[in-house]
Student: 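After the structure tokens below, expect a handful of questions from me.
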Amino acid sequence: MVTDKGIRGCVIIISKNYDRISLDGNLLKVSAGCLLSSASKFSFKNSLTGMEEVSGIPGSVGGAVAMNAGAYGVEMKDIIKSVRLVSKDGEILEYENKDMDFSYRHSRVFDEDLIVSEAIFELEKDDQEKIYEKYDDFTNRRVTKQPLDKKSAGSTFKRPVGSFASKLIDECGLRGYRKGDCQVSEKHCGFLINNGDASYGEMIDFIEEVASIVFEKTGFKLEREVKIIGEK
Ligand SMILES: Cc1cc2nc3c(=O)[nH]c(=O)nc-3n(C[C@H](O)[C@H](O)[C@H](O)COP(=O)(O)OP(=O)(O)OC[C@H]3O[C@@H](n4cnc5c(N)ncnc54)[C@H](O)[C@@H]3O)c2cc1C
């Protein structure tokens with residue numbers, strides 16, 4: 001989420017301008033600006049398995065690597081072989097998976113302000129029909145359970161140890177809870193959605209209110225998964 005005051009500075013968007021994909025056996029080399037969904041589809045076309053679970057995560061490969069994004073039991077750390085990065089001083093770094101300090105929605109990218117430039121995914125050959133069946137299954141689960149037609153930043157909170165954010169929010173009676181344009185999704189309580197023109201300030205207040213109700217009622221402290229950028 002970007003604050004209402006925005007970003008005072010130059011923003012480099014690593015996107016379609018930097019989205020090359022190439023294949024070397026079962027190694028898929030992808031530039032950071034490529035959509036994770038496009039990289040996944042490319043792998044399926046080449047009968048490679050491993051990305052079916054994560055194929056529906058919106059965003060770029062760079063963002064996914066930085067966040068160690070994951071879904072349905074598979075995270076970037078399970079399928080990445082190595083990553084090429086750029087340091088703050090402009091140095092090109094090549095890190096193997098084990099050097100990336102991947103953990104739940106975290107990598108060393110954030111500790112050291114690195115820029116992901118390219119990732120190599122290590123996948124396996126498999127039967128293409130089986131791959132597409134798996135892909136369809138995960139796509140269907142996402143479409144039926146998540147409010148993909150609404151504006152959101154995805155799951156607002158990280159999964160707390162010992163429970164699930166969506167379950168806790170639901171148990172607190174907050175399904176569909178609304179304040180102005182901010183709302184807890186009726187479809188999936190883990191998604192706090194913007195129904196219209198809610199500002200950053202309104203959304204962040206709403207997020208904090210939901211977290212504080214959950215803490216008061218259950219004792220679980222919900223930590224934001226959504227990153228905030230910009231001037232406060
Ligand atoms: C509907 C919906 C569903 C979602 N489902 C999931 C899910 O199932 N699992 C999941 O993990 N996430 C999910 N997300 C969250 C989000 O899609 C992922 O975190 C995604 O990987 C972010 O990629 P992005 O390119 O959009 O990064 P951004 O959101 O733009 O950035 C995320 C962070 O990564 C940093 N970053 C981005 N690119 C780079 C780069 N090249 N180098 C260094 N740092 C970089 C940014 O500075 C920022 O701090 C969902 C979001 C939505 C809206």
Side-chain angles (χ1 to χ4, degrees), residues 1-3 7 9-20 30-40 51-80 83-88 90-95 100-121 135 137-159 164-166 183-185 187-194 200 203 207 223-230:
M1 277 165 56
V2 184
T3 60
I7 298 166
C10 168
V11 176
I12 298 172
I13 301 176
I14 302 173
S15 177
K16 282 182 198 149
N17 50 352
Y18 192 54
D19 67 348
R20 274 165 305 194
V30 191
S31 302
C34 181
L35 289 176
L36 187 64
S37 57
S38 306
S40 305
M51 299 184 81
E52 296 89 329
E53 289 85 348
V54 299
S55 56
I57 300 176
S60 66
V61 164
V65 170
M67 292 291 290
N68 184 28
Y72 307 112
V74 175
E75 293 178 326
M76 290 301 112
K77 72 170 171 52
D78 303 312
I79 48 178
I80 290 282
V83 183
R84 174 178 281 208
L85 309 108
V86 184
S87 76
K88 271 197 281 193
E91 193 187 349
I92 308 278
L93 307 166
E94 304 272 357
Y95 287 148
M100 285 296 294
D101 293 345
F102 284 129
S103 59
Y104 180 59
R105 302 298 171 262
H106 176 267
S107 72
R108 75 185 287 173
V109 166
F110 295 115
D111 301 329
E112 296 165 36
D113 273 345
L114 303 171
I115 297 171
V116 178
S117 149
E118 193 175 86
I120 297 183
F121 293 86
Y135 165 61
D137 174 35
F138 290 119
T139 305
N140 193 38
R141 287 199 220 177
R142 203 172 267 278
V143 170
T144 51
K145 300 211 170 109
Q146 297 185 358
L148 301 181
D149 55 332
K150 306 277 183 192
K151 287 194 272 184
S152 85
S155 302
T156 308
F157 302 103
K158 291 185 181 178
R159 191 177 57 234
F164 293 93
S166 57
Q183 189 180 20
V184 174
S185 164
K187 202 169 179 184
H188 189 312
C189 293
F191 286 63
L192 270 49
I193 57 179
N194 186 343
Y200 161 81
M203 265 330 276
I207 291 170
E223 197 188 322
R224 246 191 304 106
E225 176 170 328
V226 174
K227 302 258 180 222
I228 308 289
I229 50 172

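Counting convention: from 1, in listed order, for ligands and their atoms alike. Values below: all heavy atoms of this structure, side chains included; hydrogens, waters and symmetry mates excluded.
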Student: What atoms in ligand 1 come closer than 4.0 Å to a heavy atom of Leu148?
Tutor: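 Checking each atom against Leu148, I get 1 (C).
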
Student: Output yes when a protein non-hydrogen atom is found under 4.0 Å of atom 30 (O) of ligand 1, and no otherwise.
Tutor: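 So far as the 4.0 Å threshold goes, atom 30 (O) of ligand 1 is out of reach of every protein heavy atom.
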
Student: For atom 32 (C) of ligand 1, what is the closest protein heavy atom, and at what distance to 0.1 Å?
Tutor: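 Protein heavy atom at minimum distance: Met67 CG, 4.0 Å.
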
Student: If the cut-off is 4.0 Å to any non-hydrogen atom of Ala71, which atoms of ligand 1 fall inside it?
Tutor: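 Listed by number with element, the hits are 8 (O).
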
Student: Does Leu114 have a non-hydrogen atom less than 4.0 Å from ligand 1?
Tutor: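 Within the 4.0 Å threshold, so yes.
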
Student: Going through the distances and angles, do His106 and Asp111 end up as a side chain to side chain donor-acceptor pair (under 3.5 Å)?
Tutor: CA-CA 9 Å; His106 176 267; Asp111 301 329; 3.1 Å; yes

Student: Distance to 0.1 Å, residue and atom name: give those for the protein heavy atom nearest to atom 12 (N) of ligand 1.
Tutor: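 The answer is Ile57 CG2, 3.8 Å.
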
Student: How far apart are the C-alpha atoms of Lys187 and Leu148, what are their side-chain angles, what is the distance that settles it, and do they pass the side chain to side chain contact (heavy atoms under 4.5 Å, CB included) test?
Tutor: CA-CA 10 Å; Lys187 202 169 179 184; Leu148 301 181; over 6 Å; no

Student: Does the protein put any heavy atom within less than 4.0 Å of atom 46 (C) of ligand 1?
Tutor: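 Neighbour list for atom 46 (C) of ligand 1 is empty of protein heavy atoms (cut-off 4.0 Å).
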
Student: Would you say Gly70 and ligand 1 have an N/O pair spaced under 3.5 Å apart?
Tutor: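 Yes, at least one N or O pair falls under 3.5 Å.
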
Student: Return the residue, atom name and 0.1 Å-rounded distance of the protein heavy atom closest to atom 21 (O) of ligand 1.
Tutor: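 Of every protein heavy atom, Ala64 CA, 3.3 Å lies nearest to atom 21 (O) of ligand 1.
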
Student: For Phe110, take its heavy atoms, then give the atoms of ligand 1 lying under 4.0 Å from any of them.
Tutor: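 Contacts of ligand 1 toward Phe110, numbered from 1: 33 (C), 34 (O), 49 (O).
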
Student: May I ask you to list the atoms of ligand 1 that are less than 4.0 angstrom from any heavy atom of Ala66?
Tutor: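 Reading through ligand 1 atom by atom, the close ones are 34 (O), 44 (N), 45 (C).
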
Student: Name the closest protein heavy atom to atom 51 (C) of ligand 1, giving the residue it belongs to and the distance to 0.1 Å.
Tutor: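 Answer, as residue, atom name and distance: Gly154 CA, 3.3 Å.
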
Student: Please determine if Ser155 has a nitrogen or oxygen closer than 3.5 Å to a nitrogen or oxygen of ligand 1.
Tutor: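 Min N/O separation from ligand 1 is not below 3.5 Å for Ser155.
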
Student: State the NZ-NE2 distance between Lys145 and His188, to the nearest 0.5 angstrom.
Tutor: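 If we round to the nearest 0.5 Å, Lys145:NZ and His188:NE2 are 8.5 Å apart.
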
Student: Show, in sequence, the C-alpha distance, side-chain angles and deciding distance for Val83 and Leu114, and conclude whether the side chain to side chain contact (heavy atoms under 4.5 Å, CB included) test is met.
Tutor: CA-CA 11 Å; Val83 183; Leu114 303 171; over 6 Å; no

Student: Flag atom 8 (O) of ligand 1 as yes if some protein heavy-atom distance to it falls below 4.0 Å, otherwise no.
Tutor: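 Given the 4.0 Å limit, the answer for atom 8 (O) of ligand 1 is yes, a protein heavy atom qualifies.
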
Student: Compute the minimum heavy-atom distance from Arg105 to ligand 1 and say whether it is under 4.0 Å.
Tutor: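 It does, in that a heavy atom of Arg105 comes within the 4.0 Å cut-off of ligand 1.
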
Student: Is the CZ atom of Phe164 crowded by more than 12 outside heavy atoms at less than 6.0 Å?
Tutor: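 At most 12 heavy atoms, drawn from other residues, nucleotides or ligands, come within 6.0 Å of this atom.
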
Student: Please write down residue, atom name and distance for the protein heavy atom closest to atom 23 (O) of ligand 1.
Tutor: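 Its nearest protein heavy-atom neighbour is Gly63 CA, 3.6 Å.
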
Student: Could you tell me which atoms of ligand 1, counted from 1 in the order shown, lie closer than 4.0 angstrom to a heavy atom of Gln146?
Tutor: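 Answer, ordered by atom number: 3 (C).
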
Student: Using modelled atom types only, decide if a donor and an acceptor are shared between the side chain of Asp113 and the backbone of Lys88 within a distance under 3.5 Å.
Tutor: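 No.
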
Student: Consider every N or O of Val116 and every N or O of ligand 1, then say whether any pair is closer than 3.5 Å.
Tutor: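 N/O-N/O distance below 3.5 Å exists for this pair.
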
Student: Does atom CZ (Arg141) have a neighbourhood of more than 12 heavy atoms from anything else shown, all under 6.0 Å?
Tutor: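 Yes, CZ of Arg141 has more than 12 neighbouring heavy atoms, counting only those of other groups under 6.0 Å.
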
Student: Does Lys151 NZ have over 12 foreign heavy atoms under 6.0 Å away?
Tutor: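 Enclosed.
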
Student: Does any non-hydrogen side-chain atom of Val54 lie less than 4.5 Å from one of Phe138?
Tutor: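 No. Closest side-chain heavy atoms not under 4.5 Å.
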
Student: Nearest 0.5 Å please: distance from the OG atom of Ser103 over to the CZ atom of Arg108.
Tutor: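 Reported value, rounded in 0.5 Å steps: 12.5 Å.
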
Student: Which atoms of ligand 1 are found less than 4.0 Å from any heavy atom of Val109?
Tutor: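 Counting from 1, the qualifying ligand atoms are 43 (C), 44 (N).
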
Student: Which heavy atom in Gly154 sits nearest to a heavy atom in Phe191, and how many Å separate them?
Tutor: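 Heavy atoms of Gly154 and Phe191 come nearest at CA-CE2, 3.5 Å.
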
Student: With a cut-off of 6.0 Å (strictly less than), are more than 12 heavy atoms of other residues, nucleotides or ligands near CD1 of Ile13?
Tutor: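 Incorrect, the count does not exceed 12.
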
Student: Look at ligand 1 and say whether Tyr72 reaches it with a heavy atom at a distance under 4.0 Å.
Tutor: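 In this structure, Tyr72 fails to qualify as a contact of ligand 1 - no heavy atom is under 4.0 Å.
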
Student: Students should be able to answer this: which protein heavy-atom is nearest to atom 5 (N) of ligand 1, and at what distance?
Tutor: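 For atom 5 (N) of ligand 1, the nearest protein heavy atom is Arg142 NH1, 3.1 Å.
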
Student: Quick test of your reading of the model: are Glu225 and Arg159 salt-bridged, counting only N-O distances below 4.0 Å?
Tutor: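 Looking at Glu225 and Arg159, the cut-off is not met.
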
Student: What is the nearest protein non-hydrogen atom to atom 17 (O) of ligand 1, stated with its residue, atom name and distance?
Tutor: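 Ranked first by proximity to atom 17 (O) of ligand 1 is Pro58 O, 2.7 Å.
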
Student: Pairs of nitrogen or oxygen atoms closer than 3.5 Å, one from Lys227 and one from ligand 1: do any exist?
Tutor: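 There is no such contact.
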
Student: Using 0.5 Å steps for rounding, measure from the CD atom of Glu52 to the OG1 atom of Thr139.
Tutor: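 It is 10.0 Å, given to the nearest 0.5 Å.
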
Student: Do any nitrogen or oxygen atoms of Ala153 come within less than 3.5 Å of a nitrogen or oxygen of ligand 1?
Tutor: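 Between Ala153 and ligand 1, no N or O pair is found under 3.5 Å apart.
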
Student: Is there a side chain to side chain contact (heavy atoms under 4.5 Å, CB included) between Glu75 and Tyr104 once you walk through the steps?
Tutor: CA-CA 8 Å; Glu75 293 178 326; Tyr104 180 59; 3.8 Å; yes

Student: Under a 4.0 angstrom heavy-atom cut-off, which atoms of ligand 1 come close to Gly59?
Tutor: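 Atoms satisfying the 4.0 Å criterion: 23 (O), 24 (P), 25 (O), 26 (O).
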
Student: Scan the protein's non-hydrogen atoms and note whether one is under 4.0 Å from atom 19 (O) of ligand 1.
Tutor: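 Under 4.0 Å from atom 19 (O) of ligand 1, at least one protein heavy atom found.
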
